[in-house]
Amino acid sequence: MRSVLVLVCAAVLAGCNTQPAEPTVLENEAQIAATAATMRGWDRLFNVPTETIGRANQFGFRAPAYAADGPTFLSEGAPITLSQSDAAKPNTGIFEAAGTTSQAIERVAFTLRITDPANADTAKQRFTDMIKAFLSQYDLRDDEALEPIASETASDAAIAGQQSSIAIAPGDGDTRTITVTFTRPATITPDIQPAQGQADGNRA
């Protein structure tokens with residue numbers, strides 16, 4: 001009888017010490033997808049890093065998962081060729097997403113590196129078209145805010161109420177870079193939080 005009581009007590013104690021199972025990656029993805037479905041435009045672009053990076057990768061960037069990079073979170077794609085591929089140094093485009101937490105992007109940047117000036121006009125047109133196509137996935141229209149890319153003019157303009165900037169940086173000789181940046185405003189929808197118990201290190 002005594003042994004039976006010991007076993008019962010042990011079973012009760014074991015049950016008390018059982019911790020609830022952490023949500024799986026699929027459960028977290030489902031929660032994020034459900035929350036994202038309620039978002040539109042810039043809210044969705046900045047608050048759903050996985051989707052944003054996936055949409056950028058449709059243009060060939062092969063950007064990795066949004067992950068810790070020192071004190072920040074970063075995803076930087078590989079260069080894609082935007083003009084004559086057989087040039088000695090073809091013009092290329094770069095995508096980057098960065099922020100201070102794993103749940104939200106605070107800056108999205110597209111950079112055109114002009115290293116083949118003879119084909120710069122083609123590269124600038126393709127670069128502009130690519131950014132427009134990326135924004136269109138969020139039903140965002142540039143309303144000619146990207147036109148200064150063609151003339152390589154630095155500017156600040158609003159796209160669907162969101163400030164954007166175009167910066168020009170000279171390089172060696174005729175080389176230069178054109179960077180288009182979209183920065184997350186402080187008043188945007190609160191970040192999506194992972195399901196309770198899911199740590200950053202468990203992200204897919």
Side-chain angles (χ1 to χ4, degrees), residues 41-46 48-67 69-70 72-100 104-185 188:
W42 294 109
D43 276 1
R44 186 159 182 164
L45 189 154
F46 287 117
V48 193
T50 301
E51 180 182 78
T52 301
I53 293 166
R55 289 182 171 183
N57 281 342
Q58 293 179 16
F59 300 95
F61 289 109
R62 303 193 305 279
Y66 194 55
D69 182 63
T72 63
F73 284 79
L74 178 70
S75 176
E76 183 175 358
I80 62 170
T81 301
L82 290 173
S83 60
Q84 203 73 18
S85 60
D86 59 358
K89 293 183 178 179
N91 299 310
T92 57
I94 293 289
F95 163 82
E96 178 186 283
T100 56
I105 294 171
E106 294 173 15
R107 184 183 73 253
V108 168
F110 292 90
T111 299
L112 169 61
R113 295 174 178 170
I114 298 177
T115 50
D116 174 25
N119 291 292
D121 287 345
T122 298
K124 287 186 288 186
Q125 186 60 58
R126 290 178 178 173
F127 181 66
T128 302
D129 291 344
M130 177 186 66
I131 297 175
K132 288 182 177 181
F134 173 76
L135 294 176
S136 72
Q137 297 178 94
Y138 296 93
D139 294 324
L140 298 170
R141 298 183 182 278
D142 73 297
D143 295 326
E144 300 185 353
L146 300 176
E147 293 304 310
I149 292 174
S151 59
E152 299 183 32
T153 304
S155 72
D156 292 291
I159 295 179
Q162 166 65 42
Q163 285 300 117
S164 64
S165 67
I166 298 174
I168 316 296
D172 297 330
D174 290 334
T175 66
R176 61 267 193 199
T177 61
I178 302 173
T179 301
V180 178
T181 304
F182 306 110
T183 304
R184 179 177 185 263
I188 209 161

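Side chains are part of it too, since the values below use all heavy atoms of this structure and drop only hydrogens, waters and symmetry mates. In this text the structure is predicted, and so the values were computed from the model without any measurement.
Taking OG from S164 and CZ from F110, the interatomic distance works out to 12.0 Å, rounded to the nearest 0.5 Å. One distance of note links CZ of F59 with CD1 of I131; it measures 9.5 Å at 0.5 Å rounding. Rounded to the nearest 0.5 angstrom, I80 CD1 and S85 OG are separated by 13.0 Å.
Heavy atoms of other residues, nucleotides or ligands lying less than 6.0 angstrom from CG of D174 number 12 at most.
Across all non-hydrogen atoms, the minimal contact from I168 to P170 is O-CD, 4.1 Å. Minimum interatomic distance between I53 and P64 (heavy atoms only, all atoms of both residues): CG2-O, 3.7 Å. Taking all atoms of both residues into account, the shortest heavy-atom contact from P49 to Y66 is CB-CD2, 3.7 Å. In plain terms, the two heavy atoms of F46 and P185 that are nearest each other are CE1-CD, 4.2 Å. For the residue pair L146 and T128, the shortest heavy atom distance occurs at CB-CG2, 4.1 Å.
If you check the side chains of Q125 and D121, you find no donor sitting under 3.5 Å from an acceptor.
Counting only residues at least two apart or on different chains, the salt bridge (Lys or Arg N to Asp or Glu O under 4.0 Å) pairs with a member in residues 150-173 are K124-E152, E152-R176.
Between L112 and L82, the closest side-chain pair of non-hydrogen atoms falls below 4.5 Å. No side-chain heavy atom of T175 sits under 4.5 Å from any side-chain heavy atom of I114. In this structure, the side chains of Y138 and E51 come closer than 4.5 Å at one or more pairs of heavy atoms.
Judged purely by atom type and a 3.5 angstrom limit, R184 has no side-chain atom pairing as donor or acceptor with the backbone of A104. Here the side chain of T179 pairs no donor or acceptor atom with the backbone of T111 at under 3.5 angstrom. Looking only at distances, a side-chain donor or acceptor of Q162 sits under 3.5 Å from a matching main-chain atom of T183. Of the possible polar contacts, none joining the T177 side chain to the R113 backbone as a donor-acceptor pair under 3.5 Å is found.
The only option from L135, L140, L45 that meets the side chain to side chain contact (heavy atoms under 4.5 Å, CB included) definition with F182 turns out to be L135.
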Residues 90-100 side chain polar contacts: donor-acceptor under 3.5 Å, at least two apart:
residue, atom, partner, partner atom, Å
N91, OD1, T115, N, 2.8
N91, OD1, D116, N, 2.8
N91, ND2, S83, OG, 2.9
N91, ND2, D116, O, 3.0
N91, ND2, N119, O, 3.4
E96, OE2, R107, NH2, 2.6
T100, OG1, E106, OE2, 2.5

